[in-house]
Student: 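Dropping the structure in here first, questions after.
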Number of protein chains: 4
Amino acid sequence: MSVEKSTYQTSDTASRIIHAAEKLFAEQGFKETTMRQITSQADVNLAAVNYHFGSKQGLIQSVAQHSLNPLCDAIDAGLDAFNVQQQTPGLDALLQILARALVRVHQRNDYSLAVLMRLLDQAYRPIQQELQGFIRAEYGTRISVFLHYLRQQAMPLSEREFFWRLHFLMGSVIFTLSNMHALIALDQPGAEPDAAAEVEHILQRMVPFICAGMAAPERVEAH
Amino acid sequence: MSVEKSTYQTSDTASRIIHAAEKLFAEQGFKETTMRQITSQADVNLAAVNYHFGSKQGLIQSVAQHSLNPLCDAIDAGLDAFNVQQQTPGLDALLQILARALVRVHQRNDYSLAVLMRLLDQAYRPIQQELQGFIRAEYGTRISVFLHYLRQQAMPLSEREFFWRLHFLMGSVIFTLSNMHALIALDQPGAEPDAAAEVEHILQRMVPFICAGMAAPERVEAH
Amino acid sequence: MSVEKSTYQTSDTASRIIHAAEKLFAEQGFKETTMRQITSQADVNLAAVNYHFGSKQGLIQSVAQHSLNPLCDAIDAGLDAFNVQQQTPGLDALLQILARALVRVHQRNDYSLAVLMRLLDQAYRPIQQELQGFIRAEYGTRISVFLHYLRQQAMPLSEREFFWRLHFLMGSVIFTLSNMHALIALDQPGAEPDAAAEVEHILQRMVPFICAGMAAPERVEAH
Amino acid sequence: MSVEKSTYQTSDTASRIIHAAEKLFAEQGFKETTMRQITSQADVNLAAVNYHFGSKQGLIQSVAQHSLNPLCDAIDAGLDAFNVQQQTPGLDALLQILARALVRVHQRNDYSLAVLMRLLDQAYRPIQQELQGFIRAEYGTRISVFLHYLRQQAMPLSEREFFWRLHFLMGSVIFTLSNMHALIALDQPGAEPDAAAEVEHILQRMVPFICAGMAAPERVEAH
DNA sequence: GATGAATGAGGCTTCATTCAT
DNA sequence: TATGAATGAAGCCTCATTCAT
């Protein structure tokens, strides 16, 4: 109808809800955030969430897609850049690709990245099998590609060692980024929260840390 | 009242509640776990939690103490062993002290460690200032001592770099251990969950990873 | 607007709604059926019901008219056939007139009759005075005529006895026909639901039952 | 605790809820009655229904048991009285047994009978399979016994004819009794609603009606 | 100490309806 | 005429907590 609304723009109400939900989910958690808080913050009717997303769980999934789509797109694009040159990215390059993809997600919305990290954390809980299944079904294949590259670059490691180091890596990323707003505030007390730029710095600090960790020689078990 | 109850032994009901709560909190999260689930699993009356712990939040704090006390004790003991010999523990030694302390916590109860990690994760959320304040007030000093040692062993790093690497470290520890049951099940599908021994292996894998990460040279920022 | 629409033909949308509503009302009840179900089944917009019928209650009344008009017409026609010959229909003839009128309603739509019976049942509830008033205002006079004939043929009965037997009769008719689809399915498990023909058989079984009941001698009360 | 509470007396709150629910269900229907109405009428907390009965559906089932238990008990007792004398009750006797059992139910509470009849009506709806299953599971066997006797006394009828006449019978009973309060008010306008005694009179009027109907010769189908 | 019952607040969801287009 | 979005009211249910016993 109106010219301003591009084809990519969904209903204003729906996107307002998404934005409000991202902020509140990131700050408080999913269960801790009520629909009243969301709709109040978005300044829409309480029933609007159910109208647009069916249920609170449906909203959570939409929020997930809102972050996971650009994340996977950015990772794929990063990998493709190497494929074009018929090169295979090394460990550091892979982590840079990941880092840039995460920055890209964060640029969409100040809370998209944090909420995504919280989501991935939740997905490991036994009760959240539905969420886990949703992510696997929608993004499992794409994620596997990246993991395959990573595995190759960590080749001297045994399968099991790789499994655990991958999750040490994920722990650093998920914990740091899901609490990024709190950590940035701790790091720069009183400063204007220019999180937009700060996330890139955080990730640039993280890459050497993880790179070294992944490359560390496997400890010979004594027992 | 009765002579049998030592000073350390709270009522059987209270300890049954603690155990049930640890398991459920670890598996589901704090908000996701209801008083009914806890009292039902503990096979005690619904009102017992409020009677013994005042409130759900009071129970959470008791659960926290239940894990944080032995953790800090074990860390202190580890540091004291070096002090006696008038030695200063290196980075690897410090991480070993931490690892052993974590194992010690886990040995108390199959879920004590996981729930503690979840608790520390929560403490970074803005809404959980009460929990954060409680931990700082009760354990802040003791934790600072360990951090001080760690800071010294990471001396070439700038203050800010150390801050972030410390949280990368915490991310690996917190994420891996708070999801340890799920990860162990993924790692050893179908195996008997001998988590008791497995935690030690996990931490032995983690120490080199983190050690290398902490020791990595600081990247020179280009911008 | 368009020439095709005769005076009897309301908009296609409206009649689609009526049909869907009849089916759902008959199967589920009025309160149990939602506007979403109706408009979804009719494949029209959710707002169409309010646009065409004003409200859900308005739709119910339209559905009522949709069945009550042909019912009363058929009854009147049946009575007229006797009047032309200057005869007075006996009890059995009256019940046959009623039965044929009911069959006529059913022939319009597979659910018209069932929903009408459900409607008459509802009309006896204290909260449904509005519905009751509507029926009385629109059809009270026409119904009275038939009841007057019936009363005459049951003359030996006292006024009060007639009142109750009339409602025993109505109970048989209303219960059987409002649940006709379920009963036919019970009677002929697995058979194709040729309800169209079956209703006539049911009524042919019912007439002797009711006829005998109405004609039974009045029990002398002992008290 | 208190001497007044006999062993049969459940919590006062629970029975107050049952009574309020019976009245409202009978007058308005199940779906039409809200938990707020029930708890408000019973003068108890809104959450009390869920505490005592789990859900609205659980309350409905409790209400059903509250009526179906004494009904089946009374029917069994009536049949036993014949068995003791090694007699087989005739059609009229069977209907008298049923009538007395219904009166017995009504004596418990002014609305127990009406709500039971409404319940049986609902049980024939396709959506209410759960309710139907519940009744069948709990009372199916006991009901079958009575139906077996009835079948024997209607022996000249074919199986199919018996099926339909049984439902004509049920229609009369269910419709009349579920709407008994409205009908009594219509029958005796302005009179004090001494329903307690009136139900017996209604049933005494109904027995000859149904008896004659059941005994009527089977019409020979012409087609 | 311990308990079963009860409660007020608030949770998510669904409803019929309305409104701008 | 028709529609997709939006809404206020109300629905049932669950929660942590309290209280009399």
Side-chain angles (χ1 to χ4, degrees), chain A residues 1-2 10-14 16-17 31-39 42-59, chain B residues 1-2 5 10-14 17 31-39 44-60, chain C residues 1-2 5 10-14 17 31-39 44-59, chain D residues 1-2 10-14 16-17 31-39 43-59:
Chain A
M1 308 286 171
S2 69
T10 66
S11 125
D12 182 49
T13 297
R16 289 246 295 288
I17 290 172
K31 183 90 182 201
E32 289 82 357
T33 301
T34 70
M35 310 223 54
R36 243 177 269 274
Q37 287 177 311
I38 295 168
T39 53
D43 198 31
V44 300
N45 187 273
L46 174 59
V49 171
N50 286 83
Y51 177 78
H52 285 281
F53 302 99
S55 66
K56 187 181 181 182
Q57 192 61 30
L59 171 59
Chain B
M1 305 269 178
S2 68
K5 292 185 181 173
T10 63
S11 94
D12 181 50
T13 296
I17 291 172
K31 182 89 182 195
E32 288 83 357
T33 300
T34 70
M35 307 282 278
R36 276 199 149 73
Q37 287 177 311
I38 295 168
T39 52
V44 300
N45 186 272
L46 173 60
V49 171
N50 285 73
Y51 179 78
H52 284 280
F53 302 97
S55 67
K56 187 180 182 182
Q57 194 60 31
L59 171 60
I60 292 176
Chain C
M1 304 268 179
S2 68
K5 291 184 182 174
T10 63
S11 95
D12 181 49
T13 296
I17 290 173
K31 182 87 181 195
E32 289 82 357
T33 301
T34 69
M35 307 281 281
R36 276 199 149 75
Q37 288 178 310
I38 295 168
T39 53
V44 300
N45 186 271
L46 173 58
V49 171
N50 286 77
Y51 179 78
H52 285 280
F53 303 98
S55 67
K56 187 181 183 182
Q57 194 61 31
L59 171 60
Chain D
M1 307 286 171
S2 69
T10 66
S11 123
D12 183 48
T13 297
R16 291 246 295 287
I17 291 172
K31 185 88 185 211
E32 289 82 357
T33 300
T34 70
M35 312 223 50
R36 243 177 269 274
Q37 287 177 310
I38 295 169
T39 53
D43 199 32
V44 300
N45 187 274
L46 175 58
V49 171
N50 287 84
Y51 177 77
H52 284 282
F53 303 97
S55 67
K56 187 181 180 181
Q57 193 60 31
L59 171 59

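What you see is a predicted model; the values in this text were computed from it and never measured. To find a chain, count down the sequence lines: A is the first, B the second, and so on, and within it residues start at 1.
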Student: Answer yes or no: side-chain N or O of D:Y51 and base N or O of E:dA5 forming a donor-acceptor pair under 3.5 Å.
Tutor: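 Answer is yes: a donor-acceptor pair is held.
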Student: If you assign each of D:A48 and C:R36 to its closest nucleotide in DNA chain E, which residue comes earlier from the 5' end?
Tutor: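 Closest to the 5' end, via its nearest nucleotide, is D:A48.
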Student: Please report the distance, rounded to the nearest Å, between CD in D:E32 and C1' in E:dC15.
Tutor: 14 Å
Student: Taking atom C1' in both E:dG1 and F:dT21, what distance in whole Å separates the two?
Tutor: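 After rounding to an integer number of Å, I get 13 Å for this pair.
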Student: Looking for any heavy atom pair under 4.0 Å, which part of the strands does A:T39 touch: base, sugar-phosphate only, or nothing?
Tutor: nothing
Student: Can you tell me how far P of F:dG4 sits from CG of C:N50, to the nearest Å?
Tutor: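 Rounded to the whole Å, the gap is 15 Å.
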Student: So which atom in B:V49 and which in B:S55 form the shortest heavy-atom distance, rounded to 0.1 Å?
Tutor: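 Looking at all heavy atoms of both residues, the shortest contact is CG1-O, 4.3 Å.
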Student: Could you tell me the separation between the CD atom of A:Q57 and the C1' atom of E:dG11, rounded to a whole number of Å?
Tutor: 15 Å
Student: Could you tell me the separation between the CG atom of D:D12 and the P atom of F:dA20, rounded to a whole number of Å?
Tutor: 17 Å
Student: Is there a side-chain contact between D:T13 and the phosphate of E:dA5, meaning an N or O under 4.0 Å from OP1 or OP2?
Tutor: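 Checking E:dA5 against D:T13, no side-chain N or O comes under 4.0 Å of OP1 or OP2.
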Student: For F:dC13, give the paired nucleotide (Watson-Crick: N1-N3 plus N6-O4 or O6-N4; G-U: N1-O2 and O6-N3; both under 3.5 Å), or none.
Tutor: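 Answer to the pairing question: E:dG10, which forms a Watson-Crick or G-U pair with F:dC13.
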Student: How long is the gap from OH on D:Y51 to OG1 on D:T13, to the nearest 0.5 Å?
Tutor: 9.5 Å
Student: How many Å lie between NZ on B:K31 and P on E:dC12, as a whole number?
Tutor: 9 Å
Student: Give the rounded distance in Å between these two atoms: CZ of C:F53 and P of E:dT17.
Tutor: 13 Å
Student: Go nucleotide by nucleotide along DNA chain F from the 5' end; which of C:L46 and A:L46 gets its closest nucleotide reached first?
Tutor: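 Looking at the nearest nucleotide for each, C:L46 comes out on the 5' side.
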Student: 5'-most contact on DNA chain E: C:A47 or A:Q37, nearest heavy atom basis?
Tutor: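 Upstream on the strand: A:Q37.
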Student: Any side-chain N or O of A:T34 below 4.0 angstrom from OP1/OP2 of E:dG10?
Tutor: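 Looking at the OP1 and OP2 atoms of E:dG10, neither is under 4.0 Å from any side-chain N or O of A:T34.
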Student: Let me know, please, whether A:D43 or D:G54 comes out on the 5' side of the other along DNA chain F by nearest nucleotide.
Tutor: A:D43
Student: Would you compute the distance between atom CE of D:M35 and atom CG of D:N50 and round it to the nearest 0.5 angstrom?
Tutor: 5.5 Å
Student: So, is D:H52 close to the E:dA6 phosphate, meaning a side-chain N or O under 4.0 Å from OP1 or OP2?
Tutor: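 Indeed, a polar side-chain atom of D:H52 lies that close.
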Student: Which nucleotide, in any strand shown, forms a Watson-Crick or G-U wobble pair with F:dT18, with both distances under 3.5 Å?
Tutor: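 Answer to the pairing question: E:dA5, which forms a Watson-Crick or G-U pair with F:dT18.
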Student: Taking side chain as C-beta onward, heavy atoms only, is D:L46 less than 4.5 Å from D:R36?
Tutor: yes
Student: Give me the atom names and distance for the closest heavy-atom approach of D:K31 to C:K31.
Tutor: CG-CG, 3.2 Å
Student: Report the distance from atom CE of C:M35 to atom P of E:dA16, rounded to the nearest whole Å.
Tutor: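 Taking CE of C:M35 and P of E:dA16, I get 6 Å after rounding.
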Student: Is the phosphate of F:dA6, meaning OP1 or OP2, less than 4.0 Å from a side-chain N or O of A:N45?
Tutor: no
